[in-house]
Amino acid sequence: MISKKIQIKLLEEMLKIRLTEEMIAKKYYEQKMRCPIHLSIGQEATATGVCFGLKDSDKVFSAHRSHAHYIAKGGSIKSLLSELHGKISGCAKGLGGSMHLLDLNKGFSGAVPIVGSSIPIATGTAWANKLKKLNDLVIIFLGDGATEEGVFFESLDFASLKKLKILFVCENNFFSVYSPIDKRQSKKRNLCKIANSLGIKSTFIDGNDIENIYLKTKQIKKYIKKNSEPFFLLLNTFRYIEHCGPNNDDHLKYRNINTIKFWEKKCPIVNYQKKLIKRKILDHKKLTKLKKKIFNTLIKSFKYAEEQNFPTKKILNEFIDA
Amino acid sequence: MISKKIQIKLLEEMLKIRLTEEMIAKKYYEQKMRCPIHLSIGQEATATGVCFGLKDSDKVFSAHRSHAHYIAKGGSIKSLLSELHGKISGCAKGLGGSMHLLDLNKGFSGAVPIVGSSIPIATGTAWANKLKKLNDLVIIFLGDGATEEGVFFESLDFASLKKLKILFVCENNFFSVYSPIDKRQSKKRNLCKIANSLGIKSTFIDGNDIENIYLKTKQIKKYIKKNSEPFFLLLNTFRYIEHCGPNNDDHLKYRNINTIKFWEKKCPIVNYQKKLIKRKILDHKKLTKLKKKIFNTLIKSFKYAEEQNFPTKKILNEFIDA
Amino acid sequence: MLKKIKKYSEVIKETLDYNLKKNKKVVLMGLGVDDPKGIFGTTLNLHKKYKNRVFDLPTAENGFTGFALGLSINGMFPVITHQRVEFSLLAFEQFVNQIAKWNFMTGGKVSNPMIIRLIIGRGWGQGPQHSQSLEILFSHIPGVNVLTPSTPQSVRGLFNSSFKEKKPTIIFEHRWLHETYGNSPKLNYFTKIGKAKILKSGSDITLVGFSYSVINCLESAKILKKFNISAEVIDLQSLRPLDINTILKSAKKTKNIIIVDNGWSFYGISAEISAQVAEKLCNLKNLKIDRLGNKNTPMPSTKSLAKLCYVNPYDIVVSAEKMLNKKFKNLKKFKLKEYYADQPNKNFLGPF
Amino acid sequence: MLKKIKKYSEVIKETLDYNLKKNKKVVLMGLGVDDPKGIFGTTLNLHKKYKNRVFDLPTAENGFTGFALGLSINGMFPVITHQRVEFSLLAFEQFVNQIAKWNFMTGGKVSNPMIIRLIIGRGWGQGPQHSQSLEILFSHIPGVNVLTPSTPQSVRGLFNSSFKEKKPTIIFEHRWLHETYGNSPKLNYFTKIGKAKILKSGSDITLVGFSYSVINCLESAKILKKFNISAEVIDLQSLRPLDINTILKSAKKTKNIIIVDNGWSFYGISAEISAQVAEKLCNLKNLKIDRLGNKNTPMPSTKSLAKLCYVNPYDIVVSAEKMLNKKFKNLKKFKLKEYYADQPNKNFLGPF
Ligand SMILES: Cc1ncc(C[n+]2csc(CCOP(=O)(O)OP(=O)(O)O)c2C)c(N)n1
Ligand SMILES: Cc1ncc(C[n+]2csc(CCOP(=O)(O)OP(=O)(O)O)c2C)c(N)n1
Ligand SMILES: [Mg+2]
Ligand SMILES: [Mg+2]
């Protein structure tokens with residue numbers, strides 16, 4: 001069903017995210033990247049599967065944990081790393097830091113760290129598309145925590161009313177910082193049904209199953225365009241390291257050891273590698289080569305980011321307004 | 001099923017609201033009541049049916065259109081009218097005006113004119129009851145417009161999570177000011193299902209059918225207490241005069257003439273009067289007597305309100321804080 | 001230039017109409033923009049003319065402010081209207097964190113022009129939640145313009161200029177101004193953003209106002225004239241950017257300056273102005289500054305107390321009397337007209 | 001009185017603990033109050049001690065602020081914590097319209113005591129949406145206390161006093177203060193709300209700060225001392241009510257006063273103070289006032305620009321030099337230490 005080329009590409013995309021994040025984590029303690037970071041290690045399949053095949057004119061929004069979405073949408077790694085380093089070559093010229101990524105050429109429209117606050121902005125973008133009679137998609141990634149904000153509800157409600165071409169993607173990693181979902185949401189709460197009750201169709205997919213995500217979202221995207229209707233997609237997944245920062249924090253024990261093990265076994269990348277090897281689409285040598293290629297680009301990109309200049313007063317003066 | 005006494009009482013309560021509102025409307029142009037007024041004429045059955053039989057320790061909250069709820073919960077008419085007249089004898093000493101009613105003795109806890117904003121406050125009250133291990137109910141009246149606010153969603157969500165003893169009552173009168181519901185909400189939106197999707201049971205009842213409202217809410221109240229669970233109740237109804245002010249505004253044609261006629265025929269009071277007469281529980285003489293009694297009390301209450309003093313600087317000084 | 005006397009609300013409507021016509025990217029949105037009252041007449045029937053560009057909205061202020069931002073960063077020019085500034089507070093996060101900073105956050109790559117109309121007011125027993133001014137809450141935040149037109153002329157000019165801006169612009173409109181009349185310039189009249197305007201020149205005392213407080217200043221200037229005091233009246237027009245120079249110049253001349261707020265002066269707009277005047281003119285001998293604003297309490301509904309809470313022209317005259325060390329004879333007769341406590345004019349009959 | 005050196009965050013925790021123990025109506029709530037970091041250590045493990053009175057919450061700031069108000073009007077005493085002031089803006093409507101006015105709206109019949117802890121801060125590249133101060137937005141509104149403890153002592157005293165209040169109280173805590181140390185008074189120590197405190201007396205110049213800006217003032221006073229300038233440092237402690245008299249007294253003495261904000265000075269807290277000083281001391285010859293605050297732009301993430309945006313002790317000294325008409329020799333050597341641009345101290349390693 002999925003061509004070999006695409007299978008490799010899906011893996012490559014996920015690896016790109018994983019290796020970038022890992023290198024950021026590794027180098028964080030050099031204190032050259034001086035801003036908070038929310039890494040997506042473990043959550044590569046959701047970003048990759050959903051964004052795969054999108055056009056540059058399709059627009060993606062995200063929140064505090066946006067590296068994966070940015071990369072999956074084709075955002076420049078050099079600009080990303082430069083931004084983390086606070087350099088003028090950063091995608092926001094160093095003004096925003098890791099929580100304010102964008103790559104306009106690639107249709108990664110923005111990310112903001114106030115939980116839920118990018119949802120209406122993405123919705124407004126889909127409304128703009130409608131008013132401008134564009135057939136492009138808008139995709140907004142949001143966490144399980146974000147679904148608790150009133151503005152999540154207001155945005156779905158409006159997307160339904162105006163029949164906007166927007167895909168709401170909830171990445172449920174079961175935690176908001178250290179807080180488990182059952183402390184925040186009733187067990188009887190059902191996200192897909194919330195969407196339905198507002199008049200929006202919805203689907204749940206295992207968020208670590210890259211192929212299924214890719215295939216189903218491909219259909220969903222068609223559905224949205226064909227019917228001019230929003231859609232809600234729920235994906236369960238898991239982050240492997242701490243909420244914010246470069247470390248593993250399992251010693252804090254806020255997540256059950258069995259849960260952690262369960263999800264480790266479900267690693268979207270390890271499993272997909274195995275699958276592709278089993279399918280003979282990949283062998284260890286090829287995989288090593290693939291990783292090496294990404295790794296080398298990353299080394300170069302880091303070097304680039306480190307060598308760029310910091311922004312100077314001049315750029316600040318453009319914004320000082322009183 | 002309903003005792004004769006209660007049948008008469010239900011009618012009387014509705015009449016009390018209707019006659020009070022009509023007299024307010026009539027006297028509004030004397031310019032002694034100098035504040036905005038949102039009358040409930042036409043919506044008497046919802047307030048009466050839901051509040052009937054509540055204890056004083058059960059607490060009711062409302063919003064801008066709160067006269068009916070206040071009266072149905074047993075709030076003092078003298079204090080209400082005094083408040084509209086801006087007098088010291090007003091339930092908020094004249095400081096609040098018609099949009100800030102309360103009667104603590106009767107468990108009418110408050111009303112505020114920012115759409116949706118009393119919903120979380122009522123929810124917090126139910127939470128307080130839980131923390132204090134009280135078995136009292138909290139009831140929050142809200143309009144169809146209010147269900148569009150994010151805080152409506154956040155409040156239901158929390159009530160579900162914490163299993164609070166609160167009844168959310170949505171009075172859908174199909175309009176928010178001049179704006180019809182289909183301009184604001186998708187046709188596929190379903191309020192009862194919204195509640196369900198958050199883990200809250202719900203029911204829809206014709207909001208002009210006083211007996212049904214009374215009977216079903218009686219069960220619902222039991223259900224809430226027994227299961228320690230919130231409940232969502234949807235009631236369709238119609239306001240007969242303008243959104244804010246004392247006049248009929250049908251000449252503005254924002255509501256279809258057939259719709260208006262449809263609802264006029266469904267007048268909760270006229271129909272219930274007829275029913276009780278048909279059942280021989282009431283005759284015209286008795287009815288006139290009933291109305292007269294209410295009317296006379298109203299005359300006295302208005303006189304009282306008019307004769308009371310205005311608050312003086314002293315009371316203001318209690319609040320000046322810088 | 002041929003001038004016509006027109007109503008403030010009418011001028012807004014004409015100006016919106018003009019910009020809707022000129023610029024296809026402009027969209028009007030807000031609760032009630034297309035209803036029979038048309039936001040105090042300011043948007044009346046525009047939805048009939050611009051069928052797909054005038055939008056009534058659900059009561060979801062936080063959401064729709066974000067939707068408007070989404071429109072704006074995608075090339076549209078939204079105009080949001082809130083019938084009470086209080087409703088907009090539901091969207092304060094979007095305003096402070098997103099709208100005011102989007103251009104900055106994108107390294108200047110994306111601009112988000114838009115207009116947010118905040119209607120403020122007083123009177124007719126609206127009480128604590130429907131009568132605040134709150135200009136300072138919006139003016140403190142870098143990244144936006146904050147404008148306060150007080151006349152049909154400036155409301156025309158400032159709206160027109162806001163439509164040319166790349167920055168988001170907040171426009172405060174006082175309900176009691178909607179019903180006022182004045183010279184109305186031609187449709188394409190512009191007022192430079194960030195300039196104050198001397199509405200009346202004088203030599204003895206400077207009165208500074210913005211939005212409705214300008215009317216109070218003008219009223220009191222008239223009374224002061226009867227006592228042979230020549231007052232200069234300055235209309236700030238723009239709170240951010242602030243044209244401090246026009247004020248400094250006047251203060252240097254009169255050495256007596258009173259700044260009048262629409263709401264609370266404590267931590268209010270007038271504080272910044274007073275502070276700047278004091279700091280920059282500290283070498284000026286005998287400089288005197290005073291500020292007036294509402295009593296520091298939520299606004300009461302009842303007229304008997306409302307009249308004690310809101311600044312009125314009489315208060316300004318009393319402050320001037322003290323500042324100028326005078327004793328005005330029979331001043332009492334200029335006391336507040338009874339209706340003024342809660343009515344913009346005698347013909348106003350409520351209910352809103 | 002035996003005094004102990006303790007950490008600011010530790011003192012908050014002890015004081016919360018003390019009040020939770022003393023008053024069964026106190027409940028602690030907020031995102032993360034029971035998590036392994038315990039709000040920068042200020043609530044650490046309290047949930048284990050007070051099982052049913054410490055609540056983690058859903059990310060629904062507007063909602064839960066209303067829930068807290070509901071608790072409060074029903075006899076409980078909620079303490080809400082926001083890890084960033086920016087998050088609280090989602091609940092700004094509840095704060096301005098409901099919480100600040102509930103007592104008034106009920107004719108004084110219902111009071112709603114509660115504490116809202118707003119954590120402000122700077123540094124480590126947090127960027128435009130995680131580094132604002134915004135005290136003015138809360139201080140402008142009648143009906144609440146707004147407090148800004150800068151030392152372990154005042155944080156103890158002001159929290160304790162807030163728990164005795166009938167009014168809602170906002171307490172601003174600067175992240176960089178959480179890690180500071182100082183004398184810690186006994187558990188039942190109270191600080192009168194509405195009083196400023198002279199932390200260091202001096203005769204040449206008055207430096208006024210609040211919250212973290214007090215640290216900047218103290219730092220610059222040390223530098224000034226090296227140039228034989230005796231600075232008086234005043235900690236406002238309370239923004240609303242404001243103790244203007246302590247400031248006026250000092251300003252009368254030194255005739256030179258610099259007020260330092262934590263955020264933007266433009267339409268900021270310092271404006272009100274400057275204005276009042278100027279208005280009330282207008283007869284004082286040679287009075288000089290200056291204000292310092294952050295650059296009027298959203299705060300950049302990158303350190304290279306952050307260091308240009310935030311006020312630091314050096315800036316204050318430079319302002320003093322000018323005000324006092326001096327020429328400090330080799331002043332440059334007191335320039336900002338490099339780490340200070342985005343780290344509270346050298347040991348700070350991120351990520352938050
Ligand atoms: C309005 C708001 N409240 C709280 C926070 C603090 N915060 C930052 S990230 C986060 C977790 C959100 O959880 P979720 O949406 O599930 O995303 P995840 O981190 O799991 O990817 C929180 C609460 C915030 N940034 N904004
Ligand atoms: C947050 C907010 N937005 C807008 C308004 C203006 N407003 C006052 S009443 C009202 C109608 C609300 O409709 P609904 O909740 O259905 O109540 P109804 O008037 O029909 O009883 C509106 C929009 C408001 N008071 N508060
Ligand atoms: Mg999560
Ligand atoms: Mg309605």
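So you know, we letter chains A, B, ... as the sequences are listed, proteins then strands, and number each from 1.
Test A:Ile194, A:Leu156, A:Leu198 against B:Phe153 for side chain to side chain contact (heavy atoms under 4.5 Å, CB included) and you get one pass: A:Ile194.
Under the side chain to side chain contact (heavy atoms under 4.5 Å, CB included) criterion, B:Ala122 pairs with B:Phe61, B:Val138, B:Ile140, B:Ile166, not counting sequence neighbours.
Neither the backbone nor the side chain of B:Phe158 has a heavy atom closer than 4.5 Å to any heavy atom of chain A.
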Which atom pairs, one donor and one acceptor, sit under 3.5 Å between chain A and chain B?
residue	atom	partner	partner atom	Å
A:Gly150	N	B:Glu154	OE2	2.6
A:Glu154	OE2	B:Gly150	N	2.5
A:Asp157	OD1	B:Arg189	NE	2.9
A:Asp157	OD2	B:Arg189	NE	3.1
A:Asp157	OD2	B:Arg189	NH2	2.9
A:Ser160	OG	B:Ser186	OG	3.2
A:Ser186	OG	B:Ser160	OG	3.2
A:Lys188	NZ	B:Glu229	OE2	3.1
A:Arg189	NE	B:Asp157	OD1	2.9
A:Arg189	NE	B:Asp157	OD2	3.1
A:Arg189	NH2	B:Asp157	OD2	2.9
A:Asn190	N	B:Ser197	O	2.8
A:Ser197	O	B:Asn190	N	2.8
A:Glu229	OE2	B:Lys188	NZ	3.1

